[in-house]
Every structure is written in structure tokens, then in C-alpha cells.
Amino acid sequence: MDPILPSTRSPIDGALGGNVLLYGAILGVGSLFLFLGYSQLRAMLQFAYNCFLKPLGRHSSQQGRLDAFYEGQAAVYDSTRGGLLRGRKTMLRLCAAELKKHNNSSGAKPIWIDLGGGTGWNIEQMDLLYGIANFGTVYLVDLCQPLCKVAEQRFQAKGWKNVKVICQDALSFVLPQLAGQDCGQIDLITMSYSLSMIENFYPVVDRISMLLNSQTGLIGVADFYVSGAAGPSGYNDAEKAGVLGYQCNWFTRVFWQHWFEFDHVYLHPCRRNYLEHKFVTHKALNCRNHFIIPYLIQMPYYVWLGRPGYPVEGKPLQLARSISSPSNYAAVGVSPPSSPDLPPVASPNHYVQASVPKHMQQSPSAISHKPDINLGPSILSLPPSSSAQGATNYAQGWSRLPYQPTKPEHSQFSTYIYGFTWEDPQRDLEVLGLRPGDNLMVITSAGDNALAYAAHHSELKIHCVDMNPCQNHLLELKLAALRSLDYDTFWRMFGLGSLSNFAHTLDSTLSTELSSSAYQYWRQNTHVFAPRQSALGNLVLGDLSHRNLYTTGYSGVALQYLRVITKIFGIHRATQQLVVASSLAKQAGLWRDKIRSRIFSNIVIRFLDNPVAMWQFMGVPINQWNMLRSEGSMSQYVRDTLDPVFHSTLCAKSNYFYRLLFARQYSPDCCPDYLTKNGFTRLQHVVGKGANVVNPTFHLHTATLLDTLDGMQDGELDKAVIMDHMDWFSPEDANSEVVALARVVKKAGFVLWRSAARNPWYIAVFKRHGFTVEALDIRQTNSMKPLDRVNMYASLYKATKL
């Protein structure tokens with residue numbers, strides 16, 4: 001029957017067809033009512049009407065447009081923006097942490113301007129994080145009258161006398177208590193989704209740079225953004241600017257920029273670019289808001305903290321303190337700059353001079369303060385005027401040297417290879433003979449051994465080198481935790497490998513001690529310490545669903561595969577008994593009677609003799625596999641590794657390496673030195689807990705070993721510990737590195753390494769370039785005496801510079 005013929009349709013069909021949309025609407029509203037409740041549903045409908053349906057009309061000013069837009073929804077603004085305006089709490093937590101660190105010591109109460117503060121939600125949240133009573137004065141500046149009224153009512157109800165609401169433009173506002181004297185007086189300025197709404201933003205950012213205190217000033221921003229096509233490296237130090245997650249695809253760049261412009265919200269990259277041009281980036285975080293439909297709708301937003309910086313030559317510009325407020329421009333007979341555009345020949349000094357009357361340009365009375373600000377040209381492709389020079393160093397016990405994350409040797413890594421170090425520092429300490437003042441270089445790995453050296457010997461200088469940025473992020477997190485956390489929290493993080501409130505601890509405590517790149521990494525990987533566990537996953541996978549620090553990274557994948565294998569072969573329970581055995585006899589019996597025969601089955605032996613499998617699952621590269629295979633079979637190599645360990649070292653008391661392998665966490669009785677209470681206390685002193693450190697112990701290099709050596713002076717190093725990484729090399733690469741070591745290691749200094757081969761081929765390379773080589777340990781076939789607690793390598797060598 002043809003449905004379009006009216007003679008063939010019944011009255012009921014017509015009624016149903018005509019009202020289907022009405023029924024659907026009623027059903028949808030009813031469902032929302034049940035799900036949200038009346039008050040939330042009413043707020044959402046009020047929000048939807050004012051944002052999408054209410055005609056705004058024509059307005060001659062931005063203030064008129066804002067008042068008309070927000071007048072009908074000011075009362076429900078806060079309850080309807082939580083899912084849209086992400087990152088505000090993170091930004092405030094970071095700012096509060098910085099205030100606690102840098103302002104509490106001075107005793108002076110900071111001054112805060114919340115620029116575009118709207119309803120005062122940010123200030124109410126900051127009260128929970130820092131305490132409004134701890135501020136000298138708080139200014140909320142916003143152009144929208146309806147939102148300011150909500151803020152005034154909020155602050156009146158709180159009884160805050162030191163909070164002032166200023167309903168004025170972001171460029172021309174006047175602070176009533178600092179009129180004419182505001183330049184360099186503000187400690188904190190925040191902009192929460194307001195920078196993107198300011199049409200003429202260049203002079204606003206310029207004014208912020210003038211207002212901030214040159215020593216303690218901090219600006220915090222949370223806002224939408226889109227990236228440029230070229231990425232951040234062209235206009236700022238990419239390490240700090242936030243490479244992780246910065247770049248947006250073509251559709252995202254085009255769609256969101258034009259979508260938001262309908263509401264007079266501007267996301268062009270020039271806004272963030274200019275902000276990062278004017279200030280030294282202190283912290284940066286790039287995220288995606290999966291609003292309404294997760295993973296389908298992805299709105300880019302960023303959280304950013306910056307500080308006043310220096311020009312490239314490192315000298316602060318001078319600026320007349322008395323002309324910061326626009327009201328004072330009129331007083332001296334000039335107009336505030338409407339944009340930073342300069343002629344091609346203009347210089348930063350020209351720009352400053354042009355804005356200041358000639359008679360005040362060199363006046364000592366006019367230049368009573370010298371804020372560290374920059375009024376450079378707006379050509380954003382130029383080097384940033386606030387570029388940071390040299391290593392990141394906060395007077396801690398370590399420094400993180402700058403690196404370029406976009407280089408291929410770094411960008412290939414999205415996580416760390418090793419979540420724990422697999423070389424025994426106890427044996428290293430026996431042969432290193434460390435003394436105060438020693439300058440040594442080590443491969444970072446997970447940082448455990450570098451921490452062990454520093455825990456046992458003071459006044460060392462340790463260069464921790466790794467081309468994988470994530471390995472240094474892991475070590476930096478451990479150093480930051482040593483400096484800022486108590487022992488119980490530190491133990492939960494690195495002893496048990498989990499901390500349920502890690503994201504909050506990272507923002508509120510650890511962030512002040514971390515470099516921007518390390519903070520970015522850990523903020524986007526909070527699941528490492530606080531994994532999202534599901535009831536279904538626990539039901540289906542059992543303890544295989546358990547996640548912590550030590551099940552992440554490539555080493556974590558190996559631990560997960562090991563757990564699967566022990567379950568398949570029916571030895572999982574025996575391995576758990578093994579790591580808690582109270583005596584060597586009991587442990588050896590478990591290994592011999594219940595585990596060994598199944599571990600060395602034909603299937604496992606074939607697996608071990610496969611070079612592809614060894615690389616994918618155990619991280620053994622083909623060059624190293626060839627070295628050990630030239631001296632015997634892989635299965636024999638593993639037997640020679642494991643048999644001595646379980647007959648000579650106790651996993652419950654001293655061998656924390658194999659305990660971690662099976663238990664996936666440490667115990668207070670069996671853990672690395674840095675996790676013991678004594679080691680923790682000693683290392684807190686090393687990293688400067690409660691005090692500044694004059695000479696940092698740890699220097700973190702994100703680079704290849706060869707590049708690091710090339711940057712050192714002749715005879716700079718006393719000792720170098722290079723693990724087994726030369727097993728990976730070709731003859732050409734090995735020769736280049738040994739030549740560099742021969743130049744940098746001083747006379748009578750030495751290089752310590754391990755190898756999978758009993759007689760590695762590159763011994764001759766060391767001898768050829770001026771070293772004498774000594775075999776400290778060589779493992780014998782079928783021997784029951786381990787070289788150390790790991791016993792993974794066939795030899796340990798020392799090459800001394802002649």
C-alpha cells in the first residue's frame with residue numbers, strides 16, 4: 001500500500017504520524033527528567049535556550065553583547081559549564097602549589113587578579129586550595145554585568161572583605177587600591193576561558209606582562225585552542241611549550257576555530273603563540289575535552305603557567321612603573337598601544353620608547369622598578385623574548401637539561417622501556433670505589449642505581465643519560481617525590497607502585513618540583529599509579545587485571561606475559577610461594593621441584609632460541625642475541641642465569657629483583673636502597689628537602705651517550721657505568737663511543753660495563769684507544785655461583801684509562 005495516498009490511511013495512522021515528533025520530545029524530556037532531576041533539567045534547558053535559541057539582537061559594544069547573552073543564564077552558569085570548561089581546577093591547583101612554594105617563605109600576602117573571572121567560581125575554588133584569607137587582595141575583573149552580580153552575591157555570602165569585583169574592560173581596568181602604582185605589583189593573574197573571548201588581546205597580554213611581579217609573578221591560563229600546522233617548535237622552547245598532545249589534525253583546526261567564532265570565541269593559534277612569546281613557559285598541558293560523546297567530539301584545550309622572562313641577551317628591560325594603568329597613559333599625554341604591530345625595523349627598545357614620553361625615558365624617579373618583562377615585536381616567528389637558557393634548575397638536588405622532544409631519537413618513545421633497573425648496584429658499589437667529589441656518568445634506565453650510588457656516598461656529581469625522555473621523566477618523578485612527599489606516600493608510589501590520588505598529588509605537590517616536560521608526561525599518564533579497574537575486568541582476568549607502575553612500560557609488558565606463562569604452566573602459586581620463602585632451602589626446593597622443569601619445557605626453549613621473540617618480549621636486540629648465541633644456546637644461558645640465583649639469594653629478604661618479577665611490587669624487607677627508610681632520609685638531604693642545594697648531584701641528559709660525551713670537557717669524568725648497551729652496537733658505533741670516552745674519562749678513571757658475552761668483541765676497541773681492560777667477573781657454564789643478585793649478564797668488565 002502506498003503510504004502517501006491519503007485515501008489508504010486510517011485516522012489512527014494520521015494521528016500517530018502527525019504526533020510522532022511530539023511523543024518523541026515528551027519521551028526524551030521525561031527520560032532527562034528521570035536521569036537529571038528537575039533542577040538540573042531546568043538549568044540545562046535554560047542554558048540551551050539562551051545559548052542556541054534566544055535572539056541576541058544587534059549591539060554596538062562587546063559589553064552589550066555579553067550582557068544580553070548571559071543575562072538569562074547567569075544564575076545557572078556554574079552548574080552548566082562543568083563539562084565544557086575543563087582544566088580550570090588543574091590550573092588553579094598548579095597555581096596554588098606555586099604560591100605555597102614561592103610566597104609562603106617571604107611572608108607577604110600575594111595579590112591576585114582573576115581576569116575574566118565571571119561568577120567568581122575560580123575564587124571560590126581557590127579558597128579550598130590556598131585560602132582566600134592568605135591573599136592580600138583578590139580582584140575579579142570582568143566586563144559582563146550579570147556575571148559580576150552573581151560574583152558579588154557569592155563573595156558577600158562568604159564574607160570576604162579582601163575580594164573586589166571590578167566590572168571593567170580587561171585592557172582599561174583600574175585597581176582601586178593600586179591606581180597608578182600597579183606595575184610589577186601583582187603576584188598571580190589567571191585567565192579561565194577568557195583569553196579566547198578578548199577581541200583585541202595583544203595589548204591585554206602586554207599589560208599583564210607589566211602588572212606581574214618580576215620575581216614572584218605567575219600567570220595561569222585554561223582555555224580552548226587550536227594548533228598551527230607547523231607545531232610549537234617555531235615560536236617557543238618546544239620542551240616547555242607542550243609538545244605532548246599539542247598538534248591538532250586538519251579537521252580539528254578548521255572546524256573548532258570556525259565553530260567558536262559564531263559565538264565570538266577566537267581560537268586562532270596567534271593567541272597562545274603570543275602568550276608563550278611574552279612569558280617563560282613554566283608548565284603546559286594539552287588535552288582534549290570529550291564533551292557529550294566521548295572520543296567523537298574532541299575539543300582541544302590547554303592549561304598553561306608562565307612567568308615573566310628575560311630578553312634573549314638575559315637582561316631585563318626597563319619600563320616606567322607609573323604608566324602601567326591606562327589611566328596613567330592619559331596623564332602623561334600618550335595613548336595606550338592598541339596593538340603590538342611594529343614596523344619591520346622596530347626593536348623591543350623602540351617599542352618601549354615609543355610608549356613612554358621622552359622626558360620619562362631615562363628618569364630615575366620614573367624607573368623606580370625594573371620588572372622582568374618584554375615588549376618585543378609581534379612577529380611570532382622570531383625567537384621568543386622570554387626564552388629560557390640552560391638547564392632547568394630550581395635549587396634542587398638535580399637539574400634537567402633542555403632537549404628537543406620532536407627529534408626522531410626522542411619522539412619514537414611514547415613510554416619508558418624499563419620501569420625498574422635490572423642491574424645490581426650492590427656489585428657496582430663494591431668495584432666503583434666512590435669518593436666525595438667523583439664525577440660519574442650512568443645510563444638512566446629507571447634511575448634506581450643512580451639513586452643507590454647517591455644514597456651511599458655524598459657529594460657526587462652523577463650525569464644520568466638516556467635518549468628516551470620517559471626514562472628521565474621517571475627518574476625526575478622519583479627525585480621530586482623524595483623532595484616533597486612523606487615516606488608513607490613515597491612507599492605507596494614506588495614500593496607498591498600505586499597511589500589512588502596520584503593526579504591530585506601531582507598537581508598540588510609534585511608539580512612545583514618537575515620540569516614542564518615531565519609534568520606533561522605524568523599528567524597524561526596518571527593511570528600508571530591510579531589505574532581504572534573495572535569489575536568485569538577483575539571477574540574475567542583475575543589478578544591479570546591488576547595494574548600498577550611495574551606493569552607499565554615495555555618491562556611491564558614482560559611482567560604481564562610472565563604472569564600469563566606461569567598460569568598456563570600451572571606454576572603461578574609456586575612462584576608466589578617462592579618470593580616469600582623463609583629460607584634458601586625452601587626456596588631452592590620450590591624452584592627445583594615445582595618450577596624449573598616446566599619453565600624449561602620444549603616450548604619455552606624454542607621460544608628462547610627465537611631472536612624475534614627475544615627482542616619483542618625480553619628486549620634482547622639481535623646484536624646481543626648473536627653475541628650470546630656464539631658462546632652457547634639461549635636455553636643454556638637462561639639456566640646459567642636462574643639456577644644460581646634461586647640457590648644462593650633469598651627473594652623474601654635480599655633479592656628484590658626477582659621478587660618484583662613475580663610479585664610485581666616490593667616489600668619493606670626486600671626493596672631497592674632508595675625505598676628503605678634510611679635510604680629515603682639520606683636522599684632527601686641529597687635532593688634538598690627543606691633547603692636549597694648549591695651543587696646538584698643529579699644532571700639529567702635526554703640525549704645519546706655520544707652526544708652527551710661530545711658536550712663534555714677533556715678529562716671531565718672520573719667513572720662511567722654504561723651497563724650492557726655496547727652489546728647493541730655495530731663496530732662503527734662502538735668505535736665512536738670509545739673514542740669519546742677516551743677523551744672525556746680522566747687518567748686512571750675507568751669505564752664499567754656488563755655484557756651478555758663472556759668475552760665481548762669490543763674489548764679490543766677499548767685497548768686500541770688507550771684503556772687497559774680487566775675482567776672482574778666471568779660466569780662459567782653450569783656454575784651455581786651467581787655474579788650478583790640479578791646474574792643476567794655473563795661478564796663484568798672494567799676499562800681503566802692509561
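Quick note: residue numbers are just sequence positions, from 1. The shown structure was predicted, so the numbers you read here are calculated from the model rather than taken from an experiment.
- Between Val265 and Met197, some side-chain heavy-atom pair lies under the 4.5 Å cut-off.
- Proximity of Pro269 to Arg253: side-chain heavy atoms (C-beta onward) are nowhere separated by under 4.5 Å.
- Put simply, the side chain of Lys283 never gets that close to the backbone of Tyr519: no donor and acceptor are under 3.5 Å apart.
- The cationic group of Arg271 does not satisfy the cation-pi geometry with Phe224, failing either the under 6.0 Å distance to the six-membered ring centre or the 45° limit from the ring axis.
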* Between Trp112 and Asp187, is a side-chain contact (heavy atoms from CB on, under 4.5 Å) present by the stated rule, with each step listed? -> CA-CA 6 Å; Trp112 172 25; Asp187 299 286; over 6 Å; no
* Report the C-alpha separation of Ile123 and Trp160 in whole Å, then their side-chain angles, then the decisive distance to 0.1 Å, and conclude whether the side-chain contact (heavy atoms from CB on, under 4.5 Å) test is met. => CA-CA 11 Å; Ile123 294 173; Trp160 291 332; 3.9 Å; yes
* Would you please test Leu485 and Leu510 for side-chain contact (heavy atoms from CB on, under 4.5 Å) and show each step? => CA-CA 8 Å; Leu485 300 182; Leu510 296 169; 4.0 Å; yes
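- Using a 4.5 Å heavy-atom cutoff, the side chains of Trp256 and Pro300 are in contact.
- Taking each heavy atom of Trp121 and Lys89 in turn, the nearest pair found is CH2-CG, 3.7 Å.
- The CG atom of Leu143 sits 5.5 Å away from the CG atom of Asp169 when rounded to the nearest 0.5 Å.
- When atom types are taken as modelled, the side chain of Glu476 and the backbone of Ser515 share a donor-acceptor pair closer than 3.5 angstrom.
- Between Tyr274 and Tyr202, the ring-plane angle classifies as perpendicular under the 30° and 60° cut-offs.
- Asn472 places a side-chain N or O within 3.5 Å of a backbone atom of His701 that can act as its donor or acceptor partner.
- Residues that satisfy the salt bridge (charged side-chain N to carboxylate O under 4.0 Å, His left out) test with Arg154, not counting sequence neighbours, are Asp78, Glu124.
- Here the closest non-hydrogen pair linking Ala503 and Thr526 is CB-CG2, 3.9 Å.
- Proximity of a side-chain donor or acceptor of Asn286 to a complementary backbone N or O of Tyr302 within less than 3.5 Å is not detected.
- Between Asn289 and Arg86, the closest heavy-atom pair is ND2-CG, 3.4 Å.
- Using bins of under 30°, 30° to 60° and over 60° for the plane-to-plane angle, the ring pair Tyr403/His473 lands in the tilted bin.
- Not one N or O on the side chain of His277 forms a donor-acceptor pair closer than 3.5 Å with the backbone of Asn273.
- Judged purely by distance below 3.5 Å, without hydrogens or angles, the side chains of Arg272 and Ser227 never pair a donor atom with an acceptor atom.
- Looking at heavy atoms from C-beta onward, Trp304 lies in side-chain contact with Phe279 at the 4.5 angstrom threshold.
- By the 4.5 Å heavy-atom criterion applied to side chains, Leu175 and Ile113 are counted as neighbours.
- Remark: the backbone N or O of Leu115 is paired with a side-chain donor or acceptor of Ser194 at under 3.5 angstrom.
- Minimum heavy-atom separation, Glu98 to Leu305: CG-CD2, 4.1 Å.
- Of all non-hydrogen atoms in Tyr193 and Leu84, the two that sit nearest each other are OH-O, 4.3 Å.
- Between Ile208 and Met191, some side-chain heavy-atom pair lies under the 4.5 Å cut-off.
- Using modelled atom types, no side-chain atom of Arg288 and backbone atom of Gln298 make a donor-acceptor pair closer than 3.5 Å.
- Judged by distance alone, the side chain of Arg483 and the main-chain N or O of Gly688 form a donor-acceptor pair under 3.5 Å.
- Within the 6.0 Å centre-distance limit, the rings of Tyr225 and Tyr246 are counted as a close aromatic pair.
- For CD of Gln156, the number of neighbouring non-hydrogen atoms (other residues, nucleotides, ligands) closer than 6.0 Å is 12 at most.
- Counting only distance, with no hydrogens or angles, the side chain of Gln185 and the backbone of Asn213 share no donor-acceptor pair below 3.5 Å.
- Leu218 contributes atom CG, which lies 6.5 Å from atom CG of Leu99 (distance to the nearest 0.5 angstrom).
- Distance check, rounded to the nearest 0.5 Å: CZ of Phe173 to CG of Leu140 gives 11.0 Å.
- Residues Arg523 and Asp507 are paired through a salt bridge, judged by an N-O separation under 4.0 Å between the basic side chain and the carboxylate.
- The shortest distance between side-chain heavy atoms of Leu275 and Phe201 does not fall below 4.5 Å.
- A distance of 7.0 Å separates CG of Leu285 from OH of Tyr301, quoted to the nearest 0.5 Å.
- Rounding to the nearest 0.5 angstrom, the gap separating the CD atom in Gln404 from the OG atom in Ser517 is 11.0 Å.
- Formation of a donor-acceptor pair under 3.5 Å by the Asp127 side chain with backbone atoms of Ile132 is found in this model.
- Atom NZ of Lys689 has more than 12 heavy atoms from other residues, nucleotides or ligands within 6.0 Å.
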* To do: Just do the side-chain contact (heavy atoms from CB on, under 4.5 Å) check on Ser511 and Arg93 with the steps written out, would you?
  => CA-CA 9 Å; Ser511 63; Arg93 281 197 294 264; over 6 Å; no
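- In terms of heavy atoms, Cys248 sits closest to Val226 at SG-CA, 4.1 Å.
- Atom NE2 in His102 sits 9.5 Å away from atom OG1 in Thr216 (nearest 0.5 Å).
- Using a 4.5 Å cut-off on side-chain heavy atoms (C-beta onward), Leu188 and Tyr130 make no contact.
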